[in-house]
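Naming convention: chains lettered A, B, ... in sequence-line order (proteins, then strands); numbering from 1 in each chain. These numbers come from the heavy atoms of this one structure, side chains and all, not from hydrogens, waters or symmetry mates.
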Protein chains: 2
Amino acid sequence: MSKGNLSPEQRRFIDDLAGLLSAWSMPGNAARLYGYLQMMNEPVSLDDIARDLEISKSNACTAAKVLEEHGNARRLGERGTKRVFYVAGDDPGAPLRKQAQTLGRMAELITARKASVATGAARERMAGLAGFHKALQNAMEAVILPERRQDAA
Amino acid sequence: MSKGNLSPEQRRFIDDLAGLLSAWSMPGNAARLYGYLQMMNEPVSLDDIARDLEISKSNACTAAKVLEEHGNARRLGERGTKRVFYVAGDDPGAPLRKQAQTLGRMAELITARKASVATGAARERMAGLAGFHKALQNAMEAVILPERRQDAA
DNA sequence: TGACATATTCTGCATATCCAGAATATTGAT
DNA sequence: ATCAATATTCTGGATATGCAGAATATGTCA
């Protein structure tokens, strides 16, 4: 049953997880593929994806590329065959690195220019805002960067 | 110059910050209003916004509502006048509460159902994933919830 | 080289989003 | 009650996104 059609529970799980992932505005097909990969024990081909998720193969390809791009999935190049396989990414923090980096850039931007665009209380508010962004970046990176799995609290 | 037209530096800052905010897929007008509010020392009216940001008043209204909805801006109701004023929100973490909450829900969803949708290594990967989400939620909330400004690191 | 399997790109379409300006509603003053 | 000022909602259009299926490209084996 690892590769055949999915069970109702599996389908429900995939859809529910995709619903939550939409909060990150991840496309529907990519979100469902994300949940699918998480529950698979072996690498899956585009045909597996298309069949189990009931989407066209071209969209399976596109969704897989999206996840690969974001670091949510890894592609296994094959020798001796053209078939590509995908597995869940081993570093769940990878997709968030860019966001953390953006936080840092916002902090820098605000810090660097606050004196030339604001005065008085606004300038102080902006200093606080930059500090907040920096603190959030640091907090996220403490969880994201290590690359080792974390234990739940 | 607190209310008149903006200086070139201010315009540039607003646009640069809005560019970064697009990473959170915030609409352009709302993102620019966000930067505008941060640099203002006094509450601004919709007319101020429309004039300084060079957008229609209806969109100024919409953008303000978006920010208010997300907790990025606060509206000041007036007595004796119909005019509404907006100021930058005093809690920069407010917009991220929902995301942190979603992280928690993902952790719960995965924990609750992993046993019914996956076996073996996949089940363990999902346990690790849930732990990661929970850890990230905790890290974010440590910065977000306190409501006091943070100092930069 | 030829035939086949597979991945990828292309095209069209349906949908959602965002914006501007017009139209409408709501509030305060006279 | 009426008017003036303001906020809000309503239309339309332009743009972007995501999807399916067809068409194309690429690699593998005989």
Student: Could you tell me whether the side chain of A/Phe13 reaches within less than 4.5 Å of the side chain of A/Asp16, counting heavy atoms only?
Tutor: no

Student: Verify the contact: side-chain N or O of A/Asn59 to OP1 or OP2 of D/dC19, cut-off strictly under 4.0 Å; return yes or no.
Tutor: no

Student: Quick one: is D/dT8 close enough that its OP1 or OP2 comes under 4.0 Å of any side-chain N or O from B/Lys65?
Tutor: yes

Student: Round to a whole Å and report the spacing from CZ of A/Arg32 to P of D/dG18.
Tutor: 16 Å

Student: Can you figure out which of C/dT6, D/dT9, D/dA7 approaches the side chain of B/Leu46 most closely?
Tutor: D/dA7

Student: At less than 4.0 Å, is any side-chain N or O atom of B/Arg75 found next to OP1 or OP2 of D/dT8? Yes or no.
Tutor: yes

Student: Rounded to whole Å, please give me the gap between CG in B/Leu53 and C1' in C/dC18.
Tutor: 15 Å

Student: Does the side chain of B/Asp91 come within less than 4.5 Å of B/Arg97's, by heavy atoms?
Tutor: yes

Student: Between P on C/dT15 and CG on A/Asn29, what's the gap in Å once rounded to a whole number?
Tutor: 16 Å

Student: Rounding to an integer number of Å, can you tell me how far B/Arg83 CZ sits from C/dA29 C1'?
Tutor: 15 Å

Student: Output the rounded distance in Å from CH2 (B/Trp24) to P (C/dT17).
Tutor: 21 Å

Student: Can you tell me if the side-chain N/O atoms of B/Lys57 get under 4.0 Å from OP1 or OP2 in D/dT8?
Tutor: no

Student: Decide side-chain hydrogen bond (donor to acceptor under 3.5 Å, both in side chains) for A/Gln101 and A/Lys98; before the verdict, give the C-alpha distance in whole Å, the side-chain angles of both, and the deciding distance to 0.1 Å.
Tutor: CA-CA 5 Å; A/Gln101 207 175 327; A/Lys98 202 164 47 185; over 6 Å; no

Student: In whole angstrom, give the distance that lies between atom CD of A/Glu54 and atom C1' of D/dA20.
Tutor: 14 Å

Student: Do the non-hydrogen side-chain atoms of B/Met39 and B/Ile14 ever get within less than 4.5 Å of each other?
Tutor: yes

Student: Look at the side chain of B/Asp47 and decide which nucleotide, out of D/dA20, D/dT9, D/dT6, has an atom nearest to it.
Tutor: D/dT6

